[in-house]
Undergrad: 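Supplied in structure tokens, the structure appears directly below.
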Number of protein chains: 2
Amino acid sequence: MINDLLIKNITKNVAFSKTELEEFTQLFHSKSIKKKEFLLTQGEICKFEGFVLEGCFRIFIIDKKGNENTLYFAAKDWWLMDIDSFMNQIPSNLNMQALEDSKVLLINKQDKIALYDRFPKVEKLFRIMSQKALVSWQRRLINNHSFTAKERYLHFIEKYPDIASKLTDKQIAGYLGIRHEFLSKIKRQS
Amino acid sequence: MINDLLIKNITKNVAFSKTELEEFTQLFHSKSIKKKEFLLTQGEICKFEGFVLEGCFRIFIIDKKGNENTLYFAAKDWWLMDIDSFMNQIPSNLNMQALEDSKVLLINKQDKIALYDRFPKVEKLFRIMSQKALVSWQRRLINNHSFTAKERYLHFIEKYPDIASKLTDKQIAGYLGIRHEFLSKIKRQS
DNA sequence: TTTACATGTTGAACTTGTTCAACTGTTTTC
DNA sequence: GAAAACAGTTGAACAAGTTCAACATGTAAA
């Protein structure tokens with residue numbers, strides 16, 4: 001079944017009954033995105049929260065200097081959304097691009113609200129998911145402060161080898177917060 | 001009333017009835033912390049979630065090089081907690097130090113769980129709070145990647161003048177992710 | 001299959017930020 | 001009120017990371 005991965009993902013955090021899970025997953029609709037195409041581009045309002053079934057996405061911002069700054073990569077079994085744009089219905093700063101042919105499950109705002117209202121446990125689920133994400137963002141900032149680019153690079157390819165293998169060096173550099181020329185120099189010495 | 005600030009803070013995000021608010025706030029107990037004393041030190045398990053009534057705290061990590069890396073400052077009307085340590089009852093990496101004589105409201109884990117179970121709206125509240133926090137952590141990481149230390153410094157003192165005025169330059173440097181000697185040089189030129 | 005365009009590499013000069021040490025000025029503390 | 005401890009400043013040498021330009025390589029497209 002197509003929703004197995006989603007069910008497995010959510011029940012890791014909160015227990016749901018079979019019927020609850022059915023109602024839950026029915027509100028998601030699947031969408032295919034071809035390599036290099038965008039699920040969201042900056043300026044648009046983010047009308048969905050998404051869960052990756054297949055493939056991989058790069059979520060990035062283009063900053064004032066024109067650099068592509070990658071917030072995170074969302075591979076299979078990851079969530080992707082612009083919370084700010086979705087919650088407040090304001091234009092997004094984010095771009096979400098498929099790195100390969102991908103498939104996602106999406107839920108729109110009304111259905112998400114309906115889900116929250118129908119099952120308080122969904123609030124708990126997203127509360128827990130957000131708090132876990134918070135912890136990893138805090139860690140990432142500290143890592144950026146305490147480690148050199150080389151250390152961060154080695155840590156990244158060790159921790160996420162599957163994602164790293166799908167990326168160009170430019171994209172990895174955009175995640176590490178360095179220029180790709182410098183990443184090239186780092187790789188030479190290591 | 002001592003709890004007015006807390007009530008105002010939570011009702012910004014979720015509406016509660018008067019009786020709900022009473023039950024909610026009753027589970028918090030207040031604690032005074034003298035300047036330079038610690039609400040939490042690394043190695044301890046974080047047994048509380050806290051809300052600052054008065055004063056200001058610095059939440060920092062000591063990294064492998066021995067540098068004090070500040071995650072954030074929590075002034076009046078802010079929450080402070082080590083989510084990871086609190087949720088999973090594991091030793092904390094964080095230190096929470098009062099920058100001046102301070103007063104906090106604390107809730108322990110059992111009471112927090114009781115609160116979640118009693119009022120599903122509390123799940124919503126902390127879900128929303130966490131998601132908002134997530135957005136600002138994402139922004140902060142991007143800012144760290146796209147701006148120089150000088151730009152980050154000027155941005156910080158403009159955005160948080162009240163907090164900045166309570167801090168030593170060493171503490172500000174620890175938040176910006178630079179050495180205090182360099183901050184001194186930045187200030188000279190600006 | 002050739003063209004065109006992206007990605008990756010390298011070097012040289014440059015900017016940003018670090019390190020260490022010495023010095024000065026301020027708070028604590030006894 | 002003196003001594004100790006800490007915060008801030010400065011300079012010089014250094015390391016980390018950027019910029020720009022030139023070239024090489026790979027890859028998508030016509």
Undergrad: Find the runs of at least 3 consecutive base pairs, i with j, i+1 with j-1 and so on, that include DNA chain D, using Watson-Crick or G-U wobble geometry with both distances under 3.5 Å.
TA: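 Runs of three or more consecutive pairs: C:1-5 with D:26-30, C:7-30 with D:1-24.
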Undergrad: Would you compute the distance between atom CD of A:Gln131 and atom CE of B:Met129 and round it to the nearest 0.5 angstrom?
TA: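 Interatomic distance, A:Gln131 CD to B:Met129 CE, rounded to 0.5 Å: 8.5 Å.
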Undergrad: Under 3.5 Å, side chain of A:Asn67 to main-chain N/O of A:Asn69, donor-acceptor pair present?
TA: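 Pair absent, no side-chain N/O of A:Asn67 close to backbone of A:Asn69.
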Undergrad: In terms of side-chain heavy atoms, does B:Gln42 have a donor or acceptor partner in B:Asn93 at a distance below 3.5 Å?
TA: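 No.
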Undergrad: Holding to side chain to side chain donor-acceptor pair (under 3.5 Å), I want the full list of residues that pass it with A:Glu151, two or more places apart in sequence or in another chain.
TA: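 If we apply the side chain to side chain donor-acceptor pair (under 3.5 Å) test to A:Glu151, skipping adjacent residues, the hits are A:Thr148.
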Undergrad: Could you tell me whether the side chain of B:Arg58 and the main chain of B:Gln97 form a donor-acceptor pair under 3.5 Å?
TA: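 Side chain of B:Arg58 to backbone of B:Gln97, a donor-acceptor pair under 3.5 Å: no, none is there.
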Undergrad: With a 4.0 Å heavy-atom cut-off, tell me which residues in residues 60-71 of chain A come close to DNA chain C, sorted by residue number.
TA: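 By residue number: none to list.
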Undergrad: For C:dA6, decide between syn and anti, treating a glycosidic angle within 90° of 0 as syn.
TA: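 Syn, angle within 90° of zero.
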Undergrad: Counting N and O atoms only, with roles assigned by atom type, does the side chain of B:Asn95 sit under 3.5 Å from a partner on the main chain of B:Ile61, one being a donor and the other an acceptor?
TA: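 Between the backbone of B:Ile61 and the side chain of B:Asn95 there is no qualifying donor-acceptor contact (under 3.5 Å).
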Undergrad: What do the steps show when you test B:Asp84 against B:Asn88 for side chain to side chain contact (heavy atoms under 4.5 Å, CB included), and what is the final call?
TA: CA-CA 6 Å; B:Asp84 201 15; B:Asn88 305 311; 3.0 Å; yes
Undergrad: So which protein nitrogen or oxygen atoms get under 3.5 Å of nucleotides 22-26 of chain C's nitrogens or oxygens?
TA:
none

Undergrad: Does any pair with a residue in residues 13-24 of chain A pass side-chain hydrogen bond (donor to acceptor under 3.5 Å, both in side chains), and if so which ones, sequence neighbours excluded?
TA: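 Output for this query lists A:Asn13-A:Lys132, A:Ser17-A:Thr19, A:Ser17-A:Glu20, A:Glu20-A:Lys121, A:Glu23-A:Arg118.
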Undergrad: If hydrophobic clusters are built from ILVMFWY residues whose side chains come within less than 4.5 Å, do A:Val14 and B:Phe126 share one?
TA: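 A:Val14 and B:Phe126: one cluster.
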Undergrad: Can you name the side chain to side chain donor-acceptor pair (under 3.5 Å) partners of A:Ser85, sequence neighbours left out?
TA: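 Expected list: none.
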Undergrad: Please confirm whether the backbone N or O of A:Phe86 pairs with a side-chain atom of A:Lys109, one donor and one acceptor, at under 3.5 Å?
TA: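 Yes.
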Undergrad: Hydrophobic clusters join Ile, Leu, Val, Met, Phe, Trp and Tyr when side-chain heavy atoms are under 4.5 Å apart, directly or via other members; which others share one with A:Phe182?
TA: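 Taking Ile, Leu, Val, Met, Phe, Trp and Tyr as members, A:Phe182 shares its hydrophobic cluster with A:Phe73, A:Trp78, A:Leu99, A:Tyr153, A:Leu154, A:Phe156, A:Ile157, A:Tyr160, A:Ile163, A:Leu167, A:Ile172, A:Tyr175, A:Leu176, A:Ile178, A:Leu183, A:Ile186.
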Undergrad: State whether B:Lys76 and B:Asp162 are salt-bridged, where the test is any N-O pair (Lys NZ or Arg NE/NH1/NH2 against Asp/Glu carboxylate O) under 4.0 Å.
TA: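 Answer for the salt bridge query: no.
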Undergrad: Would you verify whether the NZ or CZ of B:Arg140 falls within 45 degrees of the ring axis of B:Tyr72 while also being under 6.0 Å from that six-membered ring's centre?
TA: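 No, a cation-pi geometry is absent between B:Arg140 and B:Tyr72.
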Undergrad: Is B:Asp101 reaching over with its side chain to a backbone N or O of B:Lys35, donor-acceptor style, under 3.5 angstrom?
TA: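 Flag set: sc B:Asp101 to bb B:Lys35 pair under 3.5 Å.
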Undergrad: Do any N or O atoms from the side chain of B:Asp63 and from the backbone of B:Lys65 form a donor-acceptor pair under 3.5 angstrom?
TA: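 Checking the backbone N and O of B:Lys65 against the side chain of B:Asp63, a donor-acceptor pair under 3.5 Å is found.
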Undergrad: Look at the side-chain heavy atoms of Ile, Leu, Val, Met, Phe, Trp and Tyr, link any pair under 4.5 Å apart, and say whether B:Phe60 and A:Val135 land in one connected group.
TA: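 Not linked; separate clusters.
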Undergrad: Can you sort out which residues in residues 138-157 of chain A have a heavy atom within less than 4.0 Å of DNA chain D? Ascending by number, please.
TA: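 Listed by number, they are A:Thr148, A:Ala149.
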Undergrad: What residues in residues 168-189 of chain A put a non-hydrogen atom under 4.0 Å from any atom of DNA chain C?
TA: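 Result for residues 168-189 of chain A: A:Thr168, A:Asp169, A:Lys170, A:His180, A:Glu181, A:Ser184, A:Lys185, A:Arg188, sorted by number.
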Undergrad: First and last nucleotide of DNA chain D in contact with chain B, 5' to 3', at under 4.0 Å to a heavy atom: what are they?
TA: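 Contacts span D:dA7 to D:dA12, reading 5' to 3'.
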Undergrad: Contact list please: residues 94-102 of chain A against DNA chain C, heavy atoms, distance less than 4.0 Å, in numerical order.
TA: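 Residues of residues 94-102 of chain A that come under 4.0 Å of DNA chain C do not exist, since none gets that close.
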Undergrad: Considering only distance and modelled atom types, tabulate donor-acceptor pairs under 3.5 Å from the side chains of residues 46-56 of chain A, sequence neighbours left out.
TA:
{"unit_1": "A:Glu49", "atom_1": "OE1", "unit_2": "A:Lys112", "atom_2": "NZ", "d": "2.7"}
{"unit_1": "A:Glu49", "atom_1": "OE2", "unit_2": "A:Lys112", "atom_2": "NZ", "d": "2.8"}

Undergrad: Exactly one of A:Val104, A:Leu6, A:Leu105 should register a side-chain contact (heavy atoms from CB on, under 4.5 Å) with A:Trp79. Which one does?
TA: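 Option passing the side-chain contact (heavy atoms from CB on, under 4.5 Å) with A:Trp79: A:Leu6.
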Undergrad: How long is the gap from OG on B:Ser146 to CG on B:Leu141, to the nearest 0.5 Å?
TA: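 Rounded to the nearest 0.5 Å, the OG-CG separation comes to 9.0 Å.
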